[in-house]
There are 2 protein chains.
Amino acid sequence: MQESGEMYLESILVLSQKDEPVRSMDVAKYLGVSKPSVSRAMAILKNGNYVEIDSLGHITLADAGRKIAEKIYERHVVLTEFFERLGVDKQTAEEDACRIEHVISDKAFDIVKAHINEKGQTSGQEK
Amino acid sequence: MQESGEMYLESILVLSQKDEPVRSMDVAKYLGVSKPSVSRAMAILKNGNYVEIDSLGHITLADAGRKIAEKIYERHVVLTEFFERLGVDKQTAEEDACRIEHVISDKAFDIVKAHINEKGQTSGQEK
DNA sequence: ACAAAAGGTTAGCAATGGCTAACTAAAAGT
DNA sequence: ACTTTTAGTTAGCCATTGCTAACCTTTTGT
């Protein structure tokens, strides 16, 4: 699984948390990429059994895809929170999380996550 | 400057800390890439005035290249230290630093660095 | 019903950054 | 001196991942 694949899967997960079904165009708009880029990515992800696409073009995560999407999304959330706790502004924290989520090791992430869960679950509510 | 360019420059900096002059082969061995990969990279870096290569093939960092190399190397050292302090084993810390050093923002890095300098400069000597 | 808009695919280009194979040039060994 | 090894370059391949242009399809609106 490439970094770009992870991004597409994560997008689908995020978009599917809204009510409407997810289509290629939604992903394209969300990620700021062109239609053909999404089209090809979906073909690859579908081929690898990471997503399913019905006759109406509605995209759903298959088990393998959901697993990856959730993993990356968790990293996104935890890393964003982590950086914010360190003192990084929200937007920068999010942007950094977005890049680091794809490259951090499981080992390092688990430790970062443990630190977040340990050092006050409630400190996210300041301001 | 691409991520790969940063890696090459950082390698040259690290290798030049030893006594001998740095040649393409040293970089190739250090990074585990082929000779032609280094050859092309050096041509690009030389062209952009990031490195100088004398008639004997000895590679030195030009000012622009040194600046980048030192920035990335500092990130490498600080991020490795940071992860180790969090509880990540040395090897994993180093591997993660190696990937994150290219994608972390200046803002986030400065804050990470400040935390390192703050929370005990001496705790690196345990064990 | 037919035209327009929206969604999706196909074809093909570009940049990045690996690689091997094959060549040239320089250094070292006998 | 001649051979062999080492260093470096050139040419050209491959995969990834973005893009535009152009073409279908399907939906929508009048």
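All values below were derived from every heavy atom in this structure, side-chain atoms included, with hydrogens, water molecules and symmetry-related copies excluded. The chains referred to below are lettered A, B, ... by the order of the sequence lines, with proteins before strands, and numbering in each begins at 1.
Residues A:Met1 and A:Leu9 are in side-chain contact: their nearest non-hydrogen atoms beyond the backbone lie under 4.5 Å apart. Using a 4.5 Å heavy-atom threshold, the side chains of B:Glu74 and B:Phe109 count as touching.
With sequence neighbours excluded, no residue forms a side chain to side chain donor-acceptor pair (under 3.5 Å) with B:Asp54. Residues forming a side chain to side chain donor-acceptor pair (under 3.5 Å) with B:Glu101 (at least two apart in sequence, or on another chain): B:His76. Partners of B:Asp106 by salt bridge (charged side-chain N to carboxylate O under 4.0 Å, His left out), not counting sequence neighbours, listed by chain and number: B:Lys71, B:Arg75. With sequence neighbours excluded, the residues that form a side chain to side chain donor-acceptor pair (under 3.5 Å) with B:Thr92 are B:Asp89. Remark: A:Lys90 engages A:Glu84 in a salt bridge (charged side-chain N to carboxylate O under 4.0 Å, His left out) (not counting sequence neighbours). Taking B:Gln2 as the reference, nothing meets the side chain to side chain donor-acceptor pair (under 3.5 Å) condition, with sequence neighbours excluded. Among residues two or more places apart in sequence or in another chain, the salt bridge (charged side-chain N to carboxylate O under 4.0 Å, His left out) test is passed with B:Asp110 by none.
Between the CD atom of B:Gln2 and the C1' atom of D:dG18 there is a distance of 13 Å, rounded to whole Å. Counting to the nearest Å, the C1' atom of C:dG17 and the CD atom of B:Glu3 are 11 Å from each other. To the nearest angstrom, C1' of C:dG8 lies 10 Å from CD1 of A:Ile59.
Across its full length, the helix from C:dA1-D:dT30 to C:dT30-D:dA1 shows an angle of 0° between the axes of its 5 terminal pairs at either end, rounded to 10 degrees.
Between the side chain of B:His115 and the backbone N or O of A:Leu86 there is at least one donor-acceptor pair closer than 3.5 Å. Side chain of A:Asp96 to main chain of B:Ile104: no donor-acceptor pair is present (N/O by atom type, distance under 3.5 Å, no hydrogens or angles). Looking at B:Arg66, its side chain never comes within 3.5 Å of a backbone N or O of B:Leu61 through a donor-acceptor pair.
Taking a 4.0 Å limit (strictly below) on heavy-atom distances, residues 44-57 of chain B does not reach DNA chain C anywhere. Across residues 4-14 of chain A, A:Ser4, A:Tyr8 each have a non-hydrogen atom less than 4.0 Å from an atom of DNA chain D (numbered order). Residues from residues 17-37 of chain A that place a heavy atom under 4.0 Å from any atom of DNA chain D, listed by number: A:Gly32, A:Val33, A:Ser34, A:Pro36, A:Ser37.
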Name every donor-acceptor pair, under 3.5 Å, that has one atom in a side chain of residues 31-52 of chain A and the other anywhere in the protein, sequence neighbours excluded.
unit_1, atom_1, unit_2, atom_2, d
A:Ser34, OG, A:Ser37, N, 3.4
A:Ser34, OG, A:Ser37, OG, 3.0

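Counting atom types as modelled, A:Arg40 pairs a side-chain N or O with a base atom of D:dG18 as donor and acceptor under 3.5 Å.
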